[in-house]
Amino acid sequence: MPDAPDFQSEFLKTFAARGAYYDCSAPQDLDALFGKERVTAYIGFDCTADSLHVGSLVQLMTLRRIQQAGHKPILLMGGGTTKAGDPSGKDETRQLLTGEQIEANKQSILSGIRHLLKFGDGPSDAILVDNAEWLDRLEYIPFLREVGRHFSVNRMLTMESVKIRLDREQPLSFLEFNYSIMQAYDFVELYKRYGCRLQSSGSDQWGNVVSGIDLGRRMENAQLFGLTTPLITTASGAKMGKTAAGAVWLNADRVSPYDYWQFWRNTEDRDVGRFLRLFTDMAEGEIARLEKLEGAELNDAKKILATEATAILHGRDAADKAAETARRAFEEGASAEGLPTISAQLPDGILNLAVAAGLAASNSEARKLIANNGLKLNDEAISDPRLTIDASALNSEGVLKLSSGKKRHVLIKPL
């Protein structure tokens with residue numbers, strides 16, 4: 001990861017200090033631009049699912065930091081580019097979605113993230129834009145003549161997202177091959193419509209960002225800029241946002257505020273300071289104090305991280321409720337209202353219930369939990385993986401409390 005330049009502008013200095021900087025084009029020019037005017041910057045998100053996940057959170061926090069520094073963020077939804085499919089990081093062609101599916105995904109994504117930013121008509125208020133506004137209206141031959149002529153096939157074949165597919169002899173559709181051109185054109189269109197000068201992205205999108213910068217120079221004689229963030233892994237090298245139960249989604253109907261809080265509470269010790277800087281708005285002095293804590297006190301820092309990160313996404317009330325639910329569940333051993341709840345048909349095997357509750361990814365993983373005394377029913381360890389659970393196991397509240405270790409609890413209501 002490259003060292004950050006000695007930035008002078010408020011935004012870039014803060015951005016680098018919080019560990020979000022990876023690389024940028026023309027860093028001195030970009031620093032000067034941030035120092036002399038309000039910069040309009042964008043980040044794009046395709047609509048391939050009905051929620052973004054924690055892997056997108058660094059980008060969302062980038063837009064938030066841009067706004068906090070008095071600049072203007074554009075949240076670009078890829079209603080148009082989703083129809084082609086980004087080949088980056090994929091070994092095979094994405095499933096094509098219908099226009100109705102893409103629109104439904106877009107609205108669902110927005111419901112989960114739009115309160116991270118302040119939208120409106122003010123100078124630094126965020127703008128919501130969908131690239132279908134211009135991509136859906138393009139005429140093929142005029143687009144090829146106006147835009148396509150600026151792209152070298154030779155260079156496109158060297159782009160990582162294309163090269164990986166070809167090296168592995170995996171199919172790359174002509175539709176996907178055009179993705180880079182479409183994304184580059186987004187940058188030019190946003191420059192023309194909104195004076196947007198900066199695109200930010202994860203470091204894996206650098207090739208697409210550079211294509212947009214180059215296209216802006218060729219078509220508009222404009223100096224556009226790119227700014228990338230690192231791909232986040234945990235201190236142990238695991239991919240950020242992946243758990244045994246699957247991806248950590250940002251929408252509350254996919255991952256409850258309580259489970260989201262728990263995800264951050266389970267942060268590795270060595271990641272506490274880094275994640276406080278990346279994923280909360282806490283001041284540097286307080287973060288520096290918290291990351292020096294050790295032992296049981298470091299667990300208090302993790303709770304603060306969990307509460308602050310959850311408050312940014314789901315609101316302060318939901319974060320405080322999740323923290324209190326966790327306190328009651330862990331410190332008082334209570335079932336506690338607010339724990340994640342599922343419904344299941346009883347009787348059923350303990351392995352099936354553990355998987356249905358998301359405490360294990362498979363029956364074999366549930367068996368390992370039981371073998372290590374890690375699975376509990378109503379706070380009592382399970383020893384027999386063949387155990388069948390029926391209504392006689394319901395507690396006084398008429399539910400089952402299934403737990404994995406000391407940190408993850410799910411209530412099961414009988415159907």
Flag yes if more than 12 heavy atoms outside K292 fall under 6.0 Å of its NZ atom; otherwise flag no.
no
Check this for me, if you would: do E286 and R289 make a salt bridge, where the nitrogen-to-carboxylate-oxygen distance has to be below 4.0 angstrom?
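Between R289 and E286 there is a salt bridge, with a charged N closer than 4.0 Å to a carboxylate O.
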Salt-bridged, E365 to K368, with N to O below 4.0 Å?
no
Please name all residues satisfying side chain to side chain donor-acceptor pair (under 3.5 Å) with [X], sequence neighbours left out, ordered by chain then number.
X: D130; answer: K106
X: R64; answer: D281
X: D320; answer: none
X: T280; answer: none

Check [X] against [Y] and note the closest heavy-atom contact, atom names and distance.
X: I102; Y: L97; answer: CG1-CB, 3.8 Å
X: M282; Y: L290; answer: CE-CD1, 3.7 Å
X: P347; Y: T388; answer: CB-CG2, 3.7 Å
X: A16; Y: Y21; answer: CA-CB, 3.9 Å
X: P123; Y: R38; answer: O-CD, 3.2 Å

For a salt bridge (Lys or Arg N to Asp or Glu O under 4.0 Å) check, start with the C-alpha distance between E308 and K303, then their side-chain angles and the critical distance, and finish with the verdict.
CA-CA 9 Å; E308 294 304 311; K303 293 175 186 177; over 6 Å; no
Side-chain donor or acceptor of N251 paired with backbone N/O of S108 under 3.5 Å
yes
Flag the pair [X] / [Y] as yes when at least one side-chain heavy-atom distance between them is below 4.5 Å, and no otherwise.
X: R114; Y: I109; answer: no
X: L224; Y: L215; answer: no
X: N208; Y: Q199; answer: no
X: L63; Y: L75; answer: yes
X: I370; Y: L351; answer: yes

Please determine, by modelled atom types, if D46 and Y179 share a side-chain donor-acceptor pair under 3.5 angstrom.
yes
Does the side chain of N131 come under 3.5 Å of the side chain of T81 through a donor N or O and an acceptor N or O?
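Yes, because at least one side-chain N or O of N131 sits under 3.5 Å from a partner of the opposite role on T81.
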Residues forming a side-chain contact (heavy atoms from CB on, under 4.5 Å) with A288, sequence neighbours excluded
E284, E291
Describe, in one word, how the ring planes of H71 and F34 are oriented to each other, choosing from parallel (under 30°), tilted (30 to 60°) and perpendicular (over 60°).
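Rings of H71 and F34: perpendicular, as their planes differ by over 60°.
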Please confirm whether W264 and F279 have ring centers closer than 6.0 angstrom.
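Aromatic pair counts; centres sit under 6.0 Å.
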OG1-CD1 distance between T307 and I312, expressed to the nearest 0.5 angstrom
11.5 Å
Please, which pairs that meet side-chain hydrogen bond (donor to acceptor under 3.5 Å, both in side chains) have at least one residue in residues 215-230, sequence neighbours excluded?
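Matches after skipping sequence neighbours: D29-Q223, Q59-T229, D214-R217, D214-R218.
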